[in-house]
Amino acid sequence: MTNGIVKMAGAAPFSFFSDIQWNDIFKASNETLYMLAFSLLFTVILGLLLGIVLFLFSEGQLLQNRALYGLLSVIVNVLRSVPFVILMILIMPFTKTIVGTSIGVKGAIPPLVVAAAPFFARLVETSLREVDKGVVEAATAMGASKGMIVLHVLLREARTGLIAAITITAVTLVSYTAMSGVIGGGGLGDLALRFGYQRFRLDVMIVTVALLLILVQILQTAGDMLVKAFSRR
Amino acid sequence: MIDLIDIEKVYQTGKKSSFIALRGINLKVEKGEIFGVIGRSGAGKSTLLRSVNLLERPTGGTVIVGGDKLTELTEKALQEKRKRIGMIFQHFNLLTTATVRENIAFPLRIAKLGGSRIKPRVDELLELVGLTAYQHHYPKQLSGGQKQRVGIARALANDPEVLLCDEATSALDPQTTDSILSLLKEINRRMGITILLITHEMGVIRAVCDRVAVMDHGRIVESGTVLDVFLSPRDSVTREFVSEVSDAFGSEAIDAYRAQGRMVRIHFRGGQTYEPVLYETVRRTDATFAILQGTVSKMKDVPYGQLIVELRGSDGEVDRIIEELGQQGLEVSRL
């Protein structure tokens, strides 16, 4: 093989990492970010809708409906209780009909969304429950429709809780993406498994873990900053 | 303006148990008046107020506001109607994520007014409640009284014909309560808006209301003009409320007193409050009098007084005095 071992001509302390193929790391980082971005996008869209509906159907809320709430609740619980590695394999046929393939980075996104959306939906439901019922009542008394109440009162008043929920979900998704190596999903986790674990490349392991750690730190810090910026309580 | 007919509200608390919050309520609030409903907590007054705009739908009876039968409206029509019924709350219920200005603009946006019409209207309302300087503050940065002013401005935004006040001053200190009550009175006078308020404080009723209904256990036990109910309460619940606002109405001071003459309680109201009616009447006889206890005050804008007086003189003279006082429009009752 001619490609590859870029020897770093640096000082001795760096020689431990001198065998690393940085373009592999770069490619894997890109894949992780790609999976994270798209799965987070669809998770937020679907989970938000599901969370709002769950909340509205729950007891004492605008569309109170015990049967529908129970049904949705069971679905959410089932999806949340299947371990991600197994869920990924279980829904492969579904994945294939949606994105055309059940492997690779693309094939990883549907299972990521299916696993994270119910989790996020529960967080949304809890955030909406935190909104003062009095404000909803005031809006009802003003003649606001249910749609307006959801848009202009519930989502608005719950926004810091929702941002925090997105942050938690994003961090969870980062760790889920690491498991997608099982279906050849790629990304940093996959690299860590294939090189760091199966080939005893401790250097690759350390770099990938460090990168994942930095990614999680950035997500959490950004989330916290946004919560602070939007907090009016 | 508001007509509640045979309102019933039953809460199903279990499969076989239920709780009756309102029993056969009939209430008529006239256009332009300030009507107060007073009761202890749990008496049903809050449920009653919420029935008016159907925040709580009664299980029986008819609600009519401004000629529209609310209980028969579709959801869409009810939403439209609610825009003309303002409401303020004990805990203000403002959007915490919106500024004062945005909170006041909120009902206008719900009514789908254009931005060019919202701005001047909000300016006007800010001016009315005296919060122009605070328009860019968030509720968290305001005092309780200021928050309630925002609540009032918001409730008035769509020019309502009726304003419902749900314990609007119960979370405020006495001075702030006074300022909010004067604001409500001013709004009522200037815009002719009908106000229905509920409270557990007789002071609120006395300060602003024209008429009052007293509630207990889901029923209206007594109602009438505030002065009538206040001066001659019939129900025991009413008497308790009345005794809260005037110590002088109690009889502690004269309990141990052994009168030589005859003790009477005299009520007078309106212009007579300031006239020497009692003195002039007694002077025409040989009798004398001693004031044992007395109070002179105002009910909303009507002055009134109550005296407990001992009349000393012959039986004939005392009878004559009582008769003449009665002829001059004073209410005299023997103790």
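Each chain gets a letter, A, B and so on, in the order its sequence line appears, and its residues count up from 1. Below, all heavy atoms of this structure are taken into account, side chains as well, without hydrogens, waters or symmetry copies.
Within 6.0 Å of the CD1 atom in A:I103, the count of heavy atoms belonging to other residues, nucleotides or ligands does not exceed 12. By the neighbour-count criterion of 12 heavy atoms within 6.0 Å, atom CD of B:E127 is sparsely surrounded, having that number or fewer from other residues, nucleotides or ligands. Other residues, nucleotides and ligands contribute over 12 non-hydrogen atoms within 6.0 Å of the CZ atom of B:F89. Counting heavy atoms of neighbouring residues, nucleotides and ligands inside a 6.0 Å radius, atom NZ of A:K27 does not exceed 12 of them.
For B:L94, the part sitting under 4.5 Å from any heavy atom of chain A is the backbone (N, CA, C, O) and nothing else. Neither the backbone nor the side chain of B:A155 comes within contact range of chain A; no heavy atoms are under 4.5 Å apart. Interface remark: B:R84 contributes no atoms to any contact with chain A (heavy atom separation under 4.5 Å). For B:E56, no part lies under 4.5 angstrom from a heavy atom of chain A. For B:E75, the part lying near chain A is the side chain, with the backbone staying farther off; criterion is any non-hydrogen pair under 4.5 Å.
Here CG of B:N93 is found 12.0 Å from NZ of A:K133. Values are rounded to the nearest 0.5 Å.
Put simply, the side chain of A:E157 gets close to the backbone of B:T97: a donor and an acceptor are under 3.5 Å apart. Between the side chain of A:R232 and the backbone N or O of B:Y138 there is no donor-acceptor pair closer than 3.5 Å. A:E137 places no side-chain N or O within 3.5 Å of a backbone atom of B:L55 that could act as its donor or acceptor partner.
In plain terms, the two heavy atoms of B:I110 and A:A144 that are nearest each other are CD1-CB, 3.4 Å. Of all non-hydrogen atoms in A:G143 and B:K83, the two that sit nearest each other are O-CE, 3.7 Å. A:S145 and B:Q79 get closest at one heavy-atom pair: CA-NE2, 3.5 Å.
The salt bridge (charged side-chain N to carboxylate O under 4.0 Å, His left out) search around B:D68 returns B:K81, not counting sequence neighbours.
The shortest distance between side-chain heavy atoms of B:R109 and A:M142 does not fall below 4.5 Å. Residues B:E102 and A:R156 meet the side-chain proximity criterion, which asks for heavy atoms closer than 4.5 Å.
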side-chain contact (heavy atoms from CB on, under 4.5 Å) between A:T140 and B:R82, intermediate numbers included: CA-CA 8 Å; A:T140 310; B:R82 277 174 173 161; 3.4 Å; yes
